[in-house]
Protein chains: 2
Amino acid sequence: MDVRTICLGILTRGDATGYEIKNLFQHDGYQHFVEASFGSIYPALNRLTEEGLVSVRAEAQEKRPDRKVYSITPAGRTAFIASLLKPLPEDRHRSPFVFAMLFSDLLPKSRVAALIDQYTTQAQAKLAQLNESNTQPKSAGEEFANGFGRAIYEAMLDFLKSQRPKFNAEPDAIAAE
Amino acid sequence: MDVRTICLGILTRGDATGYEIKNLFQHDGYQHFVEASFGSIYPALNRLTEEGLVSVRAEAQEKRPDRKVYSITPAGRTAFIASLLKPLPEDRHRSPFVFAMLFSDLLPKSRVAALIDQYTTQAQAKLAQLNESNTQPKSAGEEFANGFGRAIYEAMLDFLKSQRPKFNAEPDAIAAE
DNA sequence: GTTTGCATGTAAACGGTTACATGATTGG
DNA sequence: CCAATCATGTAACCGTTTACATGCAAAC
């Protein structure tokens with residue numbers, strides 16, 4: 001999903017500035033499956049404005065740039081829904097971790113063990129984040145995204161735990177004294 | 001992981017042409033976590049050759065381009081392993097499907113149901129592929145990658161199955177006759 | 001006193017995909 | 001007869017990231 005569409009989607013939930021959009025999809029279920037940086041968000045919002053899919057109102061501020069608050073227009077809403085009715089691009093899960101594990105036979109056992117342990121810690125942190133956001137009432141969609149994320153991270157962690165012993169770090173040849 | 005590194009990795013397992021490299025990581029565990037097209041592989045191999053990380057020998061063929069068989073050099077092997085010892089980039093799972101589901105409240109129920117059903121079918125196909133490749137003896141790494149993939153797809157399928165009823169397609173308002 | 005948050009934006013660089021060009025052979 | 005397999009490569013395009021520019025205020 002491109003940044004344009006992501007911005008449009010977030011704006012269906014309420015008005016926001018570019019800055020807020022960035023933060024919004026670092027929380028609450030968006031986080032694990034989409035991302036984008038300022039360098040792509042601001043140009044995207046400008047283009048969407050030109051095309052009439054969003055509108056802006058500038059709120060003046062002292063001593064920092066004007067807040068530019070974006071709203072989705074009816075045309076924008078239509079375009080957004082249309083984009084979700086077209087065939088979606090496929091998911092892609094790019095995993096440097098799994099790639100590295102494919103070559104575990106070329107690496108010191110200690111490195112492989114560290115790789116697994118790091119990945120485990122990360123997955124635990126992400127899972128914890130998903131469980132945290134149980135406070136606010138969520139839309140059906142957010143609940144789905146949360147559940148989906150949780151299911152995946154839990155499965156990863158189970159698998160990682162089951163495999164970990166195979167790569168047990170005999171502390172790299174210091175043992176024999 | 002960039003295409004360069006992926007090529008290097010595959011060549012640690014044996015010599016191959018650019019064409020073969022492409023096909024190799026469409027099989028056996030690589031498939032779900034890395035990908036690249038010819039348009040990036042061929043230039044990558046040329047650059048790796050310039051840098052002395054791989055070597056080429058051309059095998060003449062009648063009536064089609066010479067096969068250029070690439071081998072990894074000792075320098076290439078060292079560089080590859082070094083790249084796996086450095087901190088790895090994080091995984092990124094981009095999911096247009098989950099993104100669309102976040103906005104399920106804006107879509108017709110029939111569309112949401114179709115989305116889930118399509119995604120389920122895809123996941124089943126990928127899982128089947130992983131289970132198929134149980135014939136050849138696998139390296140520890142390939143076994144790990146396979147298991148990891150299986151764990152994820154199974155968890156997804158379970159979750160999808162559990163959620164499916166919530167989006168049951170009352171066939172979009174034709175019901176009342 | 002340094003980091004974080006607020007707030008926007010541009011330019012260069014990067015990495016990659018898509019489409020194109022070429023063309024014989026084999027299998028359905 | 002058409003599609004797929006084999007086989008390499010280039011060029012245009014695309015979307016995105018990274019780094020830069022600017023700068024105050026509040027929190028730690």
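Keep in mind that what you see is a predicted model, and the values were worked out from it rather than measured.
Within the structure, the salt bridge (charged side-chain N to carboxylate O under 4.0 Å, His left out) test picks out the following pairs touching residues 52-61 of chain A (sequence neighbours left out): A:D15-A:R57, A:R57-A:E59, A:E59-A:R67. Here ring-ring contact (aromatic ring centres under 6.0 Å, His included) pairs that include residues 34-59 of chain A, with residues two or more places apart or in two chains, are A:Y19-A:F38, A:F38-A:Y42. The list of side chain to side chain donor-acceptor pair (under 3.5 Å) pairs with a residue in residues 93-103 of chain B, not counting sequence neighbours, reads A:D91-B:H93, A:D91-B:S95. The list of salt bridge (charged side-chain N to carboxylate O under 4.0 Å, His left out) pairs with a residue in residues 114-126 of chain A, not counting sequence neighbours, reads A:D117-A:R164, A:K126-B:E90.
Annotation: side chain of A:S71 is not in contact with side chain of A:L11 (no heavy-atom distance under 4.5 Å). Using a 4.5 Å heavy-atom cutoff, the side chains of B:F144 and A:Q163 are in contact.
Remark: P of D:dT10 and CZ of B:R47 are 15 Å apart, rounded to the nearest angstrom. Protein atom CD1 of A:I6 is 13 Å distant from nucleotide atom P of D:dG15, rounded to whole Å. Between the CZ atom of B:R92 and the C1' atom of D:dG15 there is a distance of 12 Å, rounded to whole Å. Residue A:R4 contributes atom CZ, which lies 10 Å from atom P of D:dT16 at whole-angstrom precision. Here the P atom of nucleotide D:dT8 and the CG atom of B:D66 are 9 Å apart, to the nearest Å. To the nearest angstrom, P of C:dC6 lies 15 Å from CD of A:E59. B:Q26 places its CD atom 13 Å from the C1' atom of D:dT5, with the value rounded to the nearest Å.
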Tell me which donor-acceptor pairs under 3.5 Å the side chains of residues 76-84 of chain B have, and how far apart each pair is, sequence neighbours excluded?
| from | atom 1 | to | atom 2 | distance (Å) |
| --- | --- | --- | --- | --- |
| B:T78 | OG1 | B:P74 | O | 2.9 |
| B:S83 | OG | B:F80 | O | 2.6 |

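Non-hydrogen atoms lying under 4.0 Å from DNA chain D are contributed by B:T17, B:G18, B:Y19, all within residues 9-20 of chain B. At a non-hydrogen distance threshold of 4.0 Å, A:G39, A:Y42 from residues 34-46 of chain A come into contact with DNA chain C.
Judged as a ring-ring contact (aromatic ring centres under 6.0 Å, His included), and not counting sequence neighbours, the contacts of A:F99 are A:F103. Annotation: side-chain hydrogen bond (donor to acceptor under 3.5 Å, both in side chains) contacts of B:T5 (sequence neighbours excluded): B:D2. Applying the ring-ring contact (aromatic ring centres under 6.0 Å, His included) test to B:H32 and every residue at least two apart in sequence or in another chain returns B:Y153.
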- request: Determine, stepwise, if the pair A:I152 / B:F159 fulfils side chain to side chain contact (heavy atoms under 4.5 Å, CB included).
  value: CA-CA 9 Å; A:I152 290 175; B:F159 181 74; over 6 Å; no
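B:K22 has no carboxylate O lying under 4.0 Å from a charged side-chain N of B:E35, or vice versa, which leaves the two without a salt bridge.
The line from CE of A:M101 to CG of A:L115 is 6.5 Å long, rounded to the nearest 0.5 Å.
Phosphate proximity of C:dA7 to A:K22: absent, as no side-chain N or O sits under 4.0 Å from OP1 or OP2.
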- request: Between protein and nucleotides 20-28 of chain D, map the contacts as a letter string: B base, S sugar-phosphate only, - none, heavy atoms under 4.0 Å, written 5' to 3'.
  value: ----S----
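Checked against C:dG16, D:dT8, C:dG9, the side chain of B:V3 finds its nearest nucleotide in C:dG16.
Each end of the helix from C:dG1-D:dC28 to C:dG28-D:dC1 gets its own axis from five base pairs, and the two axes differ in direction by 60°, given to 10 degrees.
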